[in-house]
Amino acid sequence: MIGTNNLKAGAAGLFSLVVVLIVWEVICRVFEVREIMLPLPTDILAELYNEAAWYAEQTLYTLWITVLGFIFAVLGGVLIAVALVSSRLFERFLYPLIIGFNSVPKVALAPLFVVWMGTGAEPKVAIAFLIAVFAIIVDTVHGLRSVPQDVTDLGRVLKGSSWDFFFKVKLPCALPSVVAGMKVAMSLALVGAIVGEFVSSQKGLGYVIMSAQGVFDTVRVFAALFILGVMGVVLYGALVWLERRATPWRQIHED
Amino acid sequence: MIGTNNLKAGAAGLFSLVVVLIVWEVICRVFEVREIMLPLPTDILAELYNEAAWYAEQTLYTLWITVLGFIFAVLGGVLIAVALVSSRLFERFLYPLIIGFNSVPKVALAPLFVVWMGTGAEPKVAIAFLIAVFAIIVDTVHGLRSVPQDVTDLGRVLKGSSWDFFFKVKLPCALPSVVAGMKVAMSLALVGAIVGEFVSSQKGLGYVIMSAQGVFDTVRVFAALFILGVMGVVLYGALVWLERRATPWRQIHED
Amino acid sequence: MSLSAVSARKVQKQYSGERGVLALDGISIEIPSGQFVSILGPSGCGKSTFLRCVAGLEDITAGDLDVNGKPVVGRPPDGIGMVFQRDALLEWRTIRKNLLLPIEFAKKRVSEYQDKVDHLLELTGLQDFGSSYPRELSGGMRQRAAICRALVDDPTLLLMDEPFGALDAFTRDQMNFELQRIWMETQNTILFVTHGISEAVFLGDIVMVLSPRPGRLMEVIEVDLPRPRPLSVRETPEFGKYVSHIRELFDKMDLNGDKRA
Amino acid sequence: MSLSAVSARKVQKQYSGERGVLALDGISIEIPSGQFVSILGPSGCGKSTFLRCVAGLEDITAGDLDVNGKPVVGRPPDGIGMVFQRDALLEWRTIRKNLLLPIEFAKKRVSEYQDKVDHLLELTGLQDFGSSYPRELSGGMRQRAAICRALVDDPTLLLMDEPFGALDAFTRDQMNFELQRIWMETQNTILFVTHGISEAVFLGDIVMVLSPRPGRLMEVIEVDLPRPRPLSVRETPEFGKYVSHIRELFDKMDLNGDKRA
Amino acid sequence: EPFKVRLDWTPWGNHAAFHLADQKGWYEEAGLDIYFEDGNGSVTTVQIIGSSDNFDAGHAALAPMMIARDKGLPVKAVAPFVRRNDIGVLVPKDSGMKGPADLKGKKLVYTAGSLEAPFMEGFLAAGGLTRDDVELLNVEAAGKVTTYAVDRADAVVSTIPFVLPFVQKQRPSNSIPFADYGLNMPSFGILASEAKLKTRGEDISKFASVTARAWEYIMNGHEDEGVEAILAARPQARLDKAVLRGQIDALKPYFGKPVEGFRMGQPIPAEWEEAVQTLTKVGLIEKGLPATDFYVTDMVKPGQYDGMIKK
Ligand SMILES: Nc1ncnc2c1ncn2[C@@H]1O[C@H](COP(=O)(O)OP(=O)(O)OP(=O)(O)O)[C@@H](O)[C@H]1O
Ligand SMILES: Nc1ncnc2c1ncn2[C@@H]1O[C@H](COP(=O)(O)OP(=O)(O)OP(=O)(O)O)[C@@H](O)[C@H]1O
Ligand SMILES: Cc1ncc(C[n+]2csc(CCO)c2C)c(N)n1
Ligand SMILES: [Mg+2]
Ligand SMILES: [Mg+2]
């Protein structure tokens, strides 16, 4: 499953991470940067190591919110994109509203989500969804609009159900674009989950960041941010892996 | 310049906006929603009208930050994307860092930006840039990777400078994807500018939202959010217009 | 089957756009069901356009166009198979799955068509490439795969746009022969665009010759040669007469608009 | 010009991938500068692959391949013009700008080539389509535009992969004749893949005949007909002899692997 | 039925009473199944309490609650604990700055989105200054204290008892409370929505009363027990004992002097009159509602629990 290529890529990523951490450590020590501004990587790693179990728990919660928000964003985004490309009316009348709503920063609306949806996972998932969905919409529309003429022609001539036309012709052709959208949406969903946890939560990395900020515990803030970074890379890697599996025809000559 | 098509699209967008506002107004009045929870659209519009000059000033500032952040994101994003597709090393060693850094919510880092970059326009532009750039990177990479084999072959056989190869063959071919990335990046830059202003600012719509929220001036909060929504639609429209001008070959049969 | 498979009356097609080329002008023809129709004409005269109009992929701008008795409006008629000038294989499906696409779309049982697919692949020399992706095939192999795909679900109206353009002479002869055989077995209607005059005569019940842009119907030649026609029919004098008649038609065409004498 | 334009010694090309097709095997040939070389062979035998290897677009997996005395390693040799099997026009450039691309890439002054472009467009009957985009052209018109593009910067080595495949017989004759004229004026080397035996003989100084996959060099035929050859040379018995010799070669090929007898 | 409370912020000294009462089982004894959730600022807490039924009561600065009520949000103060305005300016100990007048030409960081912003002008005016006499920098809450602590600003405007113990380590500071310059108003306390007051009035009363009694207990020499309770309630938050203790100590002056006839947490009408005046003066409330409209009476009865909580 995990080929040598993936291993190599993983090793390379790890290597650069280590380099960055070392440079960071050296800079902090040489310029005597205060911990309150920028803590030492060694302290951050020690912190993570010492409280590994607790951080794991927080991470799992945030991961859960992120993945849920992401899945909804993919499903919803593709659906909206399909509506946009297939109905001029929808595009003309509803797309401007979607764009407008997308431009409203969710951070500013976050308290309203708690008001409407309570303090469970729902408002966080909703924020993650809302922040992530637009990237999926735009890239899916782009993908569907870029289906070559002869491919659509073929689909039309075969006269299958519109279901078949969409799932067997248009979507596979647009898939690489959709995946590009998913890559952007994934990290947006992560940010959305964190923003959601900022507003109302007793767990998750967002809560960790917020409460650590409240006591100026920069080490902990950075520990959580560090996990988020790693999480982002892992989730991205998962997407790339899925992409490779889903598009075997593109890989033929690439190794 | 502004064709009848654009006018029609604008009219349709305006129409749906009006419908939404009317529905909103009616709901507020029928259910007697309190202004502090959800103000009346008429009040919001009145507020905008009464203080038009002041709002215009704040809007211009935010627009300025957004556009700067966006431009840097486009330039930087395309550059990074080029490096990613042309150098395996760069991809292996630096991309994971970029992805990781992208997954760190800028909202959480924002305080550090202030400490590092002071309180001028720089940290805001930087945040707008950082939030927006990833969408450009991912979509440009996707576009460059999707250049058809025969087009790259042609470019290779012609043996021009790599400059020509890139600007005359690969980039135009990837352009529609880059534009898709720009559409996502534009609203992200907007959100980034707002987040930047949340963190530290004396003007701009983010500042307006923030200070109005502090004193429960919901009408003002929504007035600013309303402007943001409109701004998002207008900026998106500008991009679409640019896209049409830049890709005349795609429009031939579409009207 | 006295019904017209295709009935065109003064069909005109003008492309939109600034200088909107007039591609077809006043095409009138009745094609009875079960006919094999070859279409000849200089490059750019509107052959592909005509096929696309019949397939419902382009809207005609004047005249009437009925397929199987029903006007073609906006959407393709039923039971059509089409080989596109550029093969239009789906890059993300293996060759075998490309061939099975029409079956899936017709909601038929894929498992029942595996033998037919094998047969077609073998007929076209692609038996080793069923599980290859299109990009692993040569130009001619792709074209053969596209032909198989158009044949697999036995379309009642088969539209072929230069299906043999990328094939070498021998594969082409072979394919000509097989196509005739398949058509005689099924008696479906075939519109066949080609650049080979001898191919057009060999295969066609009738040969439509179009004039240079804007495409007008110059002449419709009925080919009265007994079926099945062996490849050797091409050496007979009757065959030669048809070919030289058509060649004369081309010579008469004012191709100056299109190229220097 | 005694230098070999192309010198292949035991060139082998095996595609990568699971079942990696062996496309070329042991191709050895010396092509002197200034020769017109026609390449014939059944569909899928490796003609395109050979051209792509010469152009430096595919890496050979064994043997040596020199172009203009230098080994082709990874990057295309200088001074190459290429017509791809699928035209490879840039959709976002008008036809005129597509033709000017090689000029731009060679950092020459575009303004000095406008006349040449006009001339080429007229030669190929595309004079009205200079400012059209590729998608507004028919298949044959696209191919003609691609040919013009390959000719515009006078390449010393011109690689043409079935350039006339989508042209009708008459345009094709016309193009054959013009190509000969252009080649005689410039005396550049041309590798010309085609499916038309008569075309191959008409144009070629030598005709390379490849065997079915894996492509091996079956025979190299030197065509000893005086230049310039009028189109009517095709009716002469000498010409006929070459053609029937090649036809026999094809008949001898074991095409069973590729299609049923 | 659980009793859900939304706090003003993440754990700090001001939460001592809640966690102590919880751990001592006092809420339970009073018949409450209590649950606390940390907050993200008073404004958000007031907003969430007033416009949803997710929580039964909240703990926040009460001035934002007054502004919200004036704007029509149906919330009322139940139990004001911190009765003096605890917002003010922190200046370095060695700077010699003592009042607003000394701020002339200095660089001040404050947060536009928090309550201090509207009072800046009034405060500066008390020293004969205007906004233009100082360099005002708006920096978000999480960033401004750091900005000040690392010497990038001459003074910081914030909630004094919250910030003071933190900066002492990095940059020993004195405080200049707004309250000393005619800008007094209540600070932290318990609030609830009108709806919840109706449906769960009795429980809210119990909650407020027990909490008030717990504050009395803590401020009566049991500060360290309060600190321990916070630590125990949020074991993972890695709170600094000394800072928490420092915050409780710093809070003390702002709890105000005991007033004859009123116990901890019971609203004192005169102070609410003053609060209305203050907020009206800076234009934050404008409807002219009577002071009594902002709070409920007869809810806070710490005396009922004198038996349960000794001393
Ligand atoms: N990209 C590729 N990956 C794997 N195999 C390939 C690839 N391109 C071609 N082949 C294989 O190599 C062989 C030769 O292909 P090539 O395109 O050179 O044939 P050709 O002689 O040009 O045929 P045609 O006349 O049909 O164009 C074919 O069997 C084909 O399946
Ligand atoms: N999509 C299009 N938009 C505008 N004009 C078009 C379009 N497609 C074709 N044309 C024009 O219509 C005319 C006929 O084109 P068509 O493709 O039908 O020719 P054809 O007979 O198939 O030629 P060929 O043998 O070269 O394939 C051409 O002049 C072409 O320029
Ligand atoms: C890191 C940090 N967080 C919060 C505050 C300000 N503050 C102290 S208590 C409180 C909640 C009640 O309003 C607020 C906002 C600060 N100065 N620094
Ligand atoms: Mg055509
Ligand atoms: Mg080929």
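Residue numbering restarts at 1 for every chain, and letters A, B, ... go by the order of the sequence lines.
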When [options] are compared by non-hydrogen pairs under 4.5 Å with chain A, the top option:
| options | result |
| --- | --- |
| B:Gly13, B:Ala11, B:Gly143, B:Ser177 | B:Ser177 |
| B:Pro105, B:Gly192, B:Pro96 | B:Pro105 |
| B:Ala9, B:Ser16, B:Ala135 | B:Ser16 |

I want to check something: taking the side chain as every heavy atom from C-beta on, are [X] and [Y] in contact at a cut-off of under 4.5 Å?
| X | Y | answer |
| --- | --- | --- |
| B:Leu38 | B:Trp24 | yes |
| A:Tyr236 | A:Met186 | no |
| B:Phe198 | B:Val107 | no |

- Item | Test side-chain contact (heavy atoms from CB on, under 4.5 Å) applied to A:Met231 and A:Thr62, step by step | CA-CA 10 Å; A:Met231 230 169 115; A:Thr62 302; 4.2 Å; yes
[X], part contacting chain B, at a heavy-atom distance under 4.5 Å:
| X | value |
| --- | --- |
| A:Ile227 | neither |
| A:Leu14 | neither |
| A:Leu205 | neither |
| A:Thr218 | neither |

Is [X] in contact with chain A via its backbone, its side chain, both, or neither, using a 4.5 Å heavy-atom distance?
| X | value |
| --- | --- |
| B:Leu235 | neither |
| B:Val195 | side chain |
| B:Tyr95 | side chain |
| B:Val20 | side chain |
| B:Leu190 | side chain |
| B:Phe101 | neither |

Given 3.5 Å as the limit, does a donor-acceptor pair link the side chain of [X] with the main chain of [Y], or not?
| X | Y | answer |
| --- | --- | --- |
| B:Thr140 | B:Ala81 | no |
| B:Glu35 | B:Val219 | no |
| B:Glu197 | B:Lys124 | no |
| A:Ser187 | A:Val184 | yes |

Top of [options] for chain B proximity - count of heavy-atom pairs under 4.5 angstrom:
| options | answer |
| --- | --- |
| A:Ile137, A:Asn102, A:Asp139 | A:Asp139 |
| A:Gly100, A:Ala12, A:Gly232 | A:Ala12 |
| A:Val19, A:Leu228, A:Ile99 | A:Ile99 |

- Going by an N to O cut-off under 4.0 Å, is there a salt bridge joining A:Arg145 and B:Glu243? no
- Distance only, no hydrogens: is a donor on one side chain within 3.5 Å (strictly under) of an acceptor on the other, for A:Tyr207 and A:Tyr61? no
